[in-house]
Amino acid sequence: MVVTEGLAKHFKDQKGNIVKAVDGISFEAHPGKIFGLLGCNGAGKTTALRILSTVIRPTAGTATVAGIDVLANPEKVRSQIGFMSTSTALYGRLQAREVIEYFGGLYGLSGRKLKERVDYVVKKLQIEEFADRLCDKLSTGQKQRVNIGRTILHDPPVLFFDEPTAGLDVVLSQTVMEFIEEARDMGKTIVFSTHIMSEVERLCDHVAIIDKGKLHGEGTVEELKAQTGEASLEKAFLKLVEFESNYQRETVAP
Amino acid sequence: MNPIAWVYRKEVREMLRDKRTRGAALFGPIFLMVFFICGFGTIIGGIAKKENQKIHFVKSDNPILASLKKEKMTFIELNTVAEGEKLVKDGKATVVLNFGPVPSKTGGQQTIEAYFDPKSQKAQIVLGGLEKVFGQANKTALIATLKKNRLPESIAEQIKLERKEVKIGEAGAGEFIVGMLPYLIVIWAFYGGFALATDLVAGEKEKITLETLLITPVSRTQIVMGKFLALSTLCLVSALASIFGLILVAVLKLPGSDFMLQGGLGISPTAGLITIIVLLPTVAMFASLLLAFSTYAKNSREAQSYISLASFVVVIPAAFSQLIGLTDAASQGWVNYVPVLNTANNIRNALLGKPDWTGTAITVIVSGAIATVLIGIVVRLFNREEVLTRV
């Protein structure tokens, strides 16, 4: 389970102005469910996930992951999570299997248990045929499979996905989404950030709309549509973030 | 396996697979040493050999010329001084000799004009050789005259300087090794780690692999220690590679080695031991310095700029170590408190067969203390999110 309460992260930009990347967000994500953070680029999704994965510390508020406080015990939090993003890369001069083994070692696996888990992941994600190839020589799809392998190797109860299909083709996106569904069915708590409406409609049990660091609405896809009186999630989203098109502005102005 | 060992193993594996690191840190020092000894040894050794020296002379029937021609040099005859000067100006002649008239009376002085380019190092070497030959001829002539007049030969050299070598400690290494090796060892201990250092943290930020490392349960101090140990290993191996290059040249007796390594290697076990002892804290100091810049920098390029600037801190004291033998500083205590210079000077003293164990202990403490402070700074930097998330 993931719980945040008034979570905030403020940065200073180069001119010294305060930038509120995340500004007091509260939500709960439950085991066996996919919680979606839906927002545009720069809305604060990645910053929120970086706080939850303890890469950065919050300026205010609290967050617990699998019942552990992110500030009080960050290392223990990290042992309970898997984090995947298309922007994160693999070590080019390591073989696919070596990358998975390396992260297994860092997650505290060793000896026979490590070997068994690596074999399981390599087989499950169909990595065998390129397991001994350097990551620099892999295709995007192959890299993504290794990335997933690295994420799930230690069988964490909580998984964070930060725009995991960005830049991937339809087939690869499908593979990633199927993997996320499978993880949900295994009872994992999943927090999934995206700006793609169709993915939210397909995957998310619960959605929070985030814009300029604040939450602007929360509920199931149907609840969000009902709240805004819109027929599609896209229109509901635009209404919640108070988007006004140039066309609308010009027709209302006179 | 300990997380530090996992990070260490991964970094070592990556660096061994990286052509740039292999070339710069492992093959670079070996190649440079071989190239340096063979190249310089062949050129300078060749010039110094009489067989390779050409002497131009203006046509003369002077008997001194006839005796000079018995030397192993090559002699080329010219018709006029003007012709000789032109050849010197064109760089086609090194030294042109013009023999003046034979003295009319016994005891008169024979003048020989030597035309040469004062900027030519080759001409200086040839002139040095000629002065030796004529000096010996003068002495022989004087002794003959003294004998003829029944005077003692010792008059020919009334004041004689006799060299008496005082043996101190073990037999030392040759001049070239003592002069160059400490400098090269120290320089490679720093530059060997350059390529890997920029990749270690700054490169990971740039390639977006650092974040995956930061979300593992391994503490940031453990990550730093794994990377630090890998970099220290590379710096040490790189420094030792230059010694390996030297041994390779000596064992294979490559061209030029007979001139540059006159008297053999002469590296005693004590010198080897002291080199390793002072190198260990020195590579730790360099590795932590390199890692600090790599951690602070946004990307590899920025890290390269910082490290290039920082390299002066290493190069200047290391370069001074080559000149230290011309001063009294080599045996003075304060040198042991100057980082980098203390390492080079301790290696130098050990190579000379004059190990200074107190100086070695001070050097280890000074370098070790600096390394500890620097690694502390790296750990602090690595725990600051604004440093790690700078991209």
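Quick note: numbers below take in every heavy atom, side chains included, and nothing from hydrogens, waters or symmetry partners. Note on naming: letters A, B, ... go to the chains in the order of the sequence lines (proteins, then strands), and numbering restarts at 1 for each one.
For residues 137-160 of chain A, a heavy-atom distance under 4.5 Å to chain B picks out A:Arg150, given by residue number. Scanning residues 127-136 of chain A against chain B with a 4.5 Å heavy-atom cutoff picks out A:Leu134, ordered by number.
Counting heavy-atom pairs closer than 4.5 Å to chain A, the top residue among B:Leu214, B:Val218, B:Thr212 is B:Thr212. Listed options A:Ile56, A:Leu90, A:Leu109 were ranked by heavy-atom pairs under 4.5 angstrom with chain B; first place goes to A:Ile56.
Defined by atom type and a distance below 3.5 Å, a donor-acceptor pair is missing between the side-chain atoms of A:Asp69 and A:Thr64. When only modelled atom types and interatomic distance are considered, B:Glu302 and B:Tyr306 share a side-chain donor-acceptor pair under 3.5 Å.
Taking a cutoff of 4.0 Å between a charged side-chain nitrogen and a carboxylate oxygen, A:Asp119 and A:Arg97 qualify as a salt bridge. Here A:Glu98 does not pair with B:Lys10 in a salt bridge; the nearest charged N to carboxylate O distance is not below 4.0 Å. Salt bridge status for B:Glu204 with B:Lys227: present, with a side-chain N to carboxylate O gap under 4.0 Å. Remark: B:Glu385 does not engage A:Arg50 in a salt bridge, criterion side-chain N to carboxylate O under 4.0 Å.
Only the side chain of B:Asp199 comes within contact range of chain A, with heavy atoms under 4.5 Å apart. Neither the backbone nor the side chain of B:Gln222 comes within contact range of chain A; no heavy atom of the residue lies under 4.5 Å from a heavy atom of that chain. Residue contact with chain B, scored on non-hydrogen atoms closer than 4.5 Å, involves the backbone and the side chain of A:Ser53 alike. With a threshold of 4.5 angstrom between heavy atoms, B:Leu213 approaches chain A through its backbone and through its side chain.
Ring planes of A:Phe35 and A:Phe27: parallel class, angle under 30° (limits at 30 and 60°).
Here the closest heavy-atom approach between residue B:Ala25 and residue B:Leu234 is recorded as CB-CD1, 3.6 Å.
Residues satisfying the side chain to side chain contact (heavy atoms under 4.5 Å, CB included) test with B:Ala318, not counting sequence neighbours, are B:Tyr183, B:Val186, B:Ile187, B:Val340.
In terms of modelled atom types and a separation under 3.5 Å, the side chain of A:Thr59 and the main chain of A:His10 share a donor-acceptor contact. A distance-only check finds a donor-acceptor pair linking the side chain of B:Ser294 to the backbone of B:Ala202 [under 3.5 Å].
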Name each donor-acceptor pair under 3.5 Å that joins a side chain in residues 284-293 of chain B to protein atoms two or more places apart or in another chain, with its distance.
unit_1	atom_1	unit_2	atom_2	d
B:Ser288	OG	B:Ala284	O	2.8
B:Ser288	OG	B:Met285	O	3.0

